[in-house]
Amino acid sequence: MNFFLITTILVFLSAAFGFINVRFLKLPNTIGLMVITIFFTLGVFALSYFDDTLLNAEKYIITQIDFKTLLLDVMLSFLLFAGALHTNFQQLHVQRWPIFVFSTLGVLVSTFLVGTGTYYLLLLFNLNIDYVYCLLFGALISPTDPIAVLGILKQAGAPKKLETKIVGESLFNDGVGVVVFLTIFQFASSGSATVSALDVLELFGVEVIGGIVFGLLLGWVTYRLMKSIDDYDIEVIITLATVMVGTVIAQKLHLSAPLAMVTAGLMVGNDTIRDSAMSEITETYVDKFWELIDILLNTVLFVLIGMEMLVLAFQLDYVIAGLLAIPIILICRYLSLLLPITFFKKKLDFVPNTNLIMTWGGLRGGISIALALGLTQDMHRDLFLVITYVVVVFSIIVQGLTVGKLIKRLS
């Protein structure tokens with residue numbers, strides 16, 4: 001089965017499930033698609049007792065897709081650029097310091113809190129997992145997923161100041177989270193004796209700071225090119241080339257491609273740059289093109305997340321551990337946000353109950369699953385993959401469906 005056929009099947013399923021959701025369920029697209037895909041996969045499991053043809057076909061499709069590479073190296077750059085392009089730059093600038101602290105210190109604190117909590121949780125199941133592997137789980141589950149957050153917050157009706165904090169944090173903290181994950185992964189793979197503190201600082205500095213600086217350069221070059229012409233077709237293609245070429249270069253230079261794309265997207269989407277570089281018709285076409293890319297890739301992604309349950313090694317104690325991990329992760333997120341929110345609350349006039357809303361609104365998604373798939377068997381991949389999947393499904397379906405009501409009640 002070739003790449004085009006697999007892509008065709010995924011797009012067909014996305015269109016079919018999307019139609020069912022819009023026509024009958026009327027849930028937010030990210031939630032509806034994931035729910036329908038999970039039920040479809042469970043239906044395929046049930047059908048396999050009589051005829052396993054469909055199950056084998058679905059398993060084959062999943063095994064042919066490197067979900068980690070597809071999401072982290074390809075789809076994420078497009079989705080983050082599209083998300084950043086439509087983010088209010090002025091509001092983001094006002095909230096820059098809390099967003100910076102949430103997406104750096106918040107991720108680090110959450111990683112260690114979740115890792116410690118998970119270590120002791122697994123001891124209850126007589127699973128004596130090395131602490132460093134629990135930290136890896138803390139790193140992969142701590143970043144909130146911008147793809148899930150952006151899709152659901154659009155319909156949640158959050159106050160602009162609060163929406164900016166949640167969206168801004170989710171745009172940046174996945175890039176930071178991936179770097180933290182890779183750093184701990186190096187420790188876990190080679191042992192702390194061969195990885196010095198200087199190596200960690202170098203990796204973190206090059207990936208994070210280098211990614212942001214490269215993103216600024218990309219955004220500036222894109223702006224200059226678009227300002228020098230007035231042709232909406234070519235200007236749309238320039239933005240597409242920015243993402244594709246920028247991602248390839250960032251990967252070759254070992255910079256954070258997600259952070260580079262967020263920075264470039266924010267720069268190109270800035271109102272000042274829009275007014276000076278884009279005509280009204282160009283602005284319309286650029287926005288509509290990236291909205292379409294966003295919707296298409298989101299749709300395919302959440303269908304894939306639903307199908308990924310086929311590769312899980314479901315064991316009862318793994319699933320129970322996943323369910324018990326949910327409150328631990330939520331408490332750790334609340335605690336990791338507590339200090340920065342308390343510090344910035346009076347200076348920036350936060351809405352009431354910001355911590356509770358940001359805790360419940362910090363959804364986990366495909367990035368966590370992709371990182372979990374990158375674990376080796378020595379790192380207890382099957383265990384952490386099941387726990388991650390349980391947390392992500394709960395996050396997207398339960399938290400995603402209730403965050404709007406929570407915002408209306410508390411803010």
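No hydrogens, no waters, no symmetry mates; every other heavy atom, side chains included, goes into these values.
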Self-check item: F394/L323 under side chain to side chain contact (heavy atoms under 4.5 Å, CB included): CA gap, chis, key distance, verdict
Solution: CA-CA 9 Å; F394 176 87; L323 292 171; over 6 Å; no

Quiz item: Counting only heavy atoms not in Y131, do more than 12 sit closer than 6.0 Å to its OH atom?
Solution: yes

Quiz item: Is a side-chain donor or acceptor of R364 paired with a backbone partner of I141 at a separation under 3.5 angstrom?
Solution: yes

Quiz item: Does the side chain of N173 pick up a donor-acceptor pair with the side chain of T144 at under 3.5 Å?
Solution: yes

Quiz item: In terms of side-chain geometry, is the basic nitrogen of E169 or R96 positioned less than 4.0 Å from the acidic oxygen of its partner?
Solution: no

Quiz item: Is the number of heavy atoms from other residues, nucleotides or ligands within 6.0 Å of CZ (F125) greater than 12?
Solution: yes

Quiz prompt | Donor-acceptor side-chain pairing of Y389 and S368 below 3.5 angstrom | solution = no

Self-check item: Minimum side-chain heavy-atom gap V303-F17 below 4.5 Å
Solution: yes

Quiz item: Side-chain donor-acceptor pair under 3.5 Å between T282 and E235, yes or no?
Solution: yes

Practice problem: Can you establish whether the number of heavy atoms outside F39 located under 6.0 Å from its atom CZ is more than 12? | Solution: no

Self-check item: Closest non-hydrogen atom pair between Y318 and A313, with its separation
Solution: CD2-O, 3.7 Å

Quiz item: Would you find a donor on one side and an acceptor on the other, under 3.5 Å apart, between the side chain of N298 and the backbone of D294?
Solution: yes

Practice problem: Verify the distance criterion only: is there a donor paired with an acceptor across the side chains of S110 and S336 at less than 3.5 Å? | Solution: no

Exercise. Would you indicate whether the side-chain heavy atoms of F185 and L371 approach each other to under 4.5 Å?
Key: no

Quiz item: Under 3.5 Å, is there a donor-acceptor pair linking the side chains of N29 and N21?
Solution: yes

Quiz item: Does atom CZ of F112 have more than 12 heavy-atom neighbours, drawn from other residues, nucleotides or ligands, at distances under 6.0 Å?
Solution: no

Exercise. May I ask you to check whether over 12 heavy atoms, not counting those of F289, lie within 6.0 Å of atom CZ?
Key: yes

Exercise. Would you name the heavy atoms of L410 and N353 that are closest together and state the gap between them?
Key: O-ND2, 3.1 Å

Practice problem: Walk me through it: do I387 and L122 pass the test side chain to side chain contact (heavy atoms under 4.5 Å, CB included)? | Solution: CA-CA 11 Å; I387 294 175; L122 294 177; 4.2 Å; yes

Exercise. Taking the side chain as every heavy atom from C-beta outward, state whether I329 and F137 have any atom pair closer than 4.5 Å.
Key: yes

Quiz item: Stepwise, does the side chain to side chain contact (heavy atoms under 4.5 Å, CB included) test hold for M307 with F40?
Solution: CA-CA 9 Å; M307 292 173 70; F40 172 78; 5.8 Å; no

Quiz item: Is the backbone of A139 close enough, under 3.5 Å, to the side chain of S142 for a donor and an acceptor to pair up by distance?
Solution: no

Quiz prompt | Flag side-chain contact, heavy atom, 4.5 Å: M261 against V243 | solution = yes

Exercise. Given side chain to side chain donor-acceptor pair (under 3.5 Å), test S14 with T299 step by step and report yes or no.
Key: CA-CA 6 Å; S14 301; T299 305; 5.8 Å; no

Quiz item: Does any N or O in the side chain of Q399 come within less than 3.5 Å of the main-chain N or O of W360, such that one atom is a donor and the other an acceptor?
Solution: yes

Quiz prompt | Main-chain N/O of A82 paired with H86 side-chain donor or acceptor, under 3.5 Å | solution = yes

Exercise. Determine yes or no for a side-chain-to-main-chain donor-acceptor pair under 3.5 angstrom, with R224 supplying the side chain and G219 the backbone.
Key: no

Quiz item: Does some side-chain heavy atom of L297 sit less than 4.5 Å from a side-chain heavy atom of L301?
Solution: no

Quiz item: Quick one: are D382 and Q377 in side-chain contact, heavy atoms under 4.5 Å?
Solution: yes

Practice problem: Start with the C-alpha distance between L225 and I234, add both sets of side-chain angles, then the distance that settles side chain to side chain contact (heavy atoms under 4.5 Å, CB included), and finish with yes or no. | Solution: CA-CA 10 Å; L225 290 172; I234 301 302; over 6 Å; no

Quiz item: Hey, would you say the W97 and F344 ring centroids sit under 6.0 Å apart?
Solution: no

Quiz item: Side-chain contact, heavy-atom cut-off 4.5 Å: F214 with I249?
Solution: yes

Quiz item: Backbone N or O of D73 within a donor-acceptor pair of the S77 side chain at under 3.5 Å?
Solution: no

Quiz prompt | Residue pair T53 / D51, side-chain donor-acceptor N/O under 3.5 Å | solution = yes

Exercise. Please determine if K59 and D52 form a salt bridge, counting it only when a charged side-chain N lies under 4.0 Å from a carboxylate O.
Key: no

Self-check item: Distance-minimising heavy-atom pair for G306 and I38
Solution: CA-CG1, 4.0 Å

Quiz item: Does Y60 offer a backbone N or O that forms a donor-acceptor pair with the side chain of T63 under 3.5 Å?
Solution: yes

Quiz item: Under the 3.5 angstrom rule, does the side chain of N270 hit a backbone N or O of I273 as a donor-acceptor pair?
Solution: no

Quiz prompt | Side-chain heavy atoms of Q64 within contact of I61, under 4.5 Å | solution = no

Practice problem: Taking N355 for its side chain and Y334 for its backbone only, find out whether a donor-acceptor pair lies under 3.5 Å. | Solution: yes

